[in-house]
Amino acid sequence: MMAYWLMKSEPNVYSIEHLQRDSSTLWDGVRNYQARNFLRQMQVGERAFFYHSNADPPGIFGLMEITKINLVDPSQFDANSAYYDPKSTVDKPRWWTVVVTYLQTCTSPLTLGELRQHYEPAELLVIRPGNRLSVLPVPPEIALDIAAKTGLNL
DNA sequence: GCCAACGTTGGC
DNA sequence: GCCAACGTTGGC
C-alpha cells in the first residue's frame with residue numbers, strides 16, 4: 001500500500017530550496033529508533049512532505065519522492081561527522097535511510113498553526129504536543145487534503 | 001530493571 | 001534564549 005510521510009529538516013541547515021538545487025539527496029543523520037523504523041518502511045515511489053522545523057514559520061513547504069530505499073547511513077561510521085555513532089559497526093549498522101528526490105515546492109505552504117487548525121493531533125502526529133520525531137507517517141486522507149491546500153500533486 | 005541525570009528537539 | 005517533552009545513558 002502506498003504510504004505518505006513527513007520529513008523534517010531545519011531550513012538553515014537544509015531547506016526545500018537546497019533539495020531543489022540538488023535534485024536528490026541522501027537523508028542522513030536520523031538518530032532516533034522510531035524515526036529509523038519509519039525510514040525502513042519506505043518504498044520506492046512513495047511521497048514525503050518536506051517540513052521546515054526550527055523555522056519561522058515551521059510547516060510543510062514542499063514534496064519529494066522516495067527514490068532509493070534501505071541504505072546504510074554512511075555518516076554513522078564517519079568519526080568526523082556530527083552523526084558519528086561509535087557503537088555502530090559496518091557488520092552491524094544501526095542506522096538506515098533513503099534517497100529523496102525533489103518534486104515540488106508549495107505554492108502556499110501550510111504552517112504548523114494551520115495544520116493545527118485543520119487536523120487532529122491523534123491523526124497527524126506532527127501536531128502532537130511534544131512530538132520530536134523527524135520522520136512521521138501521514139494518513140492518506142490527510143495527505144490528499146494537504147496536497148489540495150498547498151498546490152502539491154501527489 | 002529502575003530511575004536520576006543529562007542531552008536534544010523544536011515551538012514559542 | 002527559554003523551557004517542556006522526551007530519548008538515552010549509566011550507576012546501582
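A note on names: the letters A, B, ... follow the listed sequences, proteins ahead of strands, and every chain is numbered from 1.
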- Query: With a non-hydrogen cut-off below 4.0 angstrom, is Arg31(A) in contact with a base, only sugar-phosphate, or nothing?
  - Reply: nothing

- Five-pair end axes of the helix from dG1(B)-dC12(C) to dC12(B)-dG1(C) and the angle they enclose, rounded to 10°: 10°

Can you measure [X] atom [atom1] to [N] atom [atom2] for me and round it to whole angstrom units?
X         : N       : atom1 : atom2 : result
Gln34(A)  : dA5(C)  : CD    : C1'   : 14 Å
Asn12(A)  : dT9(B)  : CG    : C1'   : 13 Å
Ile127(A) : dG10(B) : CD1   : C1'   : 16 Å
Asn131(A) : dT9(B)  : CG    : C1'   : 9 Å
Arg116(A) : dG10(B) : CZ    : P     : 13 Å
Leu125(A) : dA5(C)  : CG    : P     : 18 Å
Tyr83(A)  : dT8(C)  : OH    : C1'   : 18 Å

- Among the nucleotides dC12(B), dG10(B), dG7(C), whichever has the atom closest to the side chain of Asn32(A) is dG7(C)

- Note on the structure: Testing dG11(B), dG10(B), dT8(C) for proximity to the side chain of Tyr33(A), the answer is dT8(C)

Side-chain N or O of [X] closer than 4.0 Å to phosphate OP1/OP2 of [N]:
X        : N       : answer
Tyr51(A) : dG11(B) : yes
Lys8(A)  : dT9(B)  : no
Lys87(A) : dT9(C)  : yes
Arg94(A) : dT8(C)  : no

- Task: Enumerate the residues from residues 54-63 of chain A whose closest heavy atom to DNA chain B is under 4.0 Å, giving them by residue number; use none for an empty result.
- Result: Asn54(A), Pro58(A)

- Which pair of heavy atoms, one from Ala48(A) and one from Ile66(A), lies closest together, and at what distance? CB-CD1, 4.2 Å

- Query: Are Arg94(A) and Tyr33(A) linked by a side-chain donor-acceptor pair shorter than 3.5 Å?
  - Reply: yes

- For the residue pair Ser15(A) and Glu17(A), confirm or rule out a side-chain donor-acceptor distance under 3.5 Å. yes

- For Trp95(A), which of Asp73(A), Asn32(A), Asp85(A) qualifies under side-chain hydrogen bond (donor to acceptor under 3.5 Å, both in side chains)? Asp85(A)

- Message: Using the side chain to side chain contact (heavy atoms under 4.5 Å, CB included) criterion, which residues pair with Leu26(A)? Sequence neighbours excluded.
- Response: Asp28(A), Leu71(A), Pro74(A), Thr97(A), Val99(A)

- Message: With a sphere of 6.0 Å drawn around NZ of Lys149(A), does it hold more than 12 non-hydrogen atoms of other residues, nucleotides or ligands?
- Response: yes

- Might you confirm whether atom CD of Glu120(A) has over 12 heavy atoms from other residues, nucleotides or ligands at distances under 6.0 Å? no

- Query: Do the side chain of Glu114(A) and the main chain of Gly59(A) share a donor and acceptor less than 3.5 angstrom apart?
  - Reply: no

- Which word best sums up how the rings of Tyr14(A) and Trp27(A) line up, parallel for under 30°, tilted for 30 to 60°, or perpendicular for over 60°? perpendicular

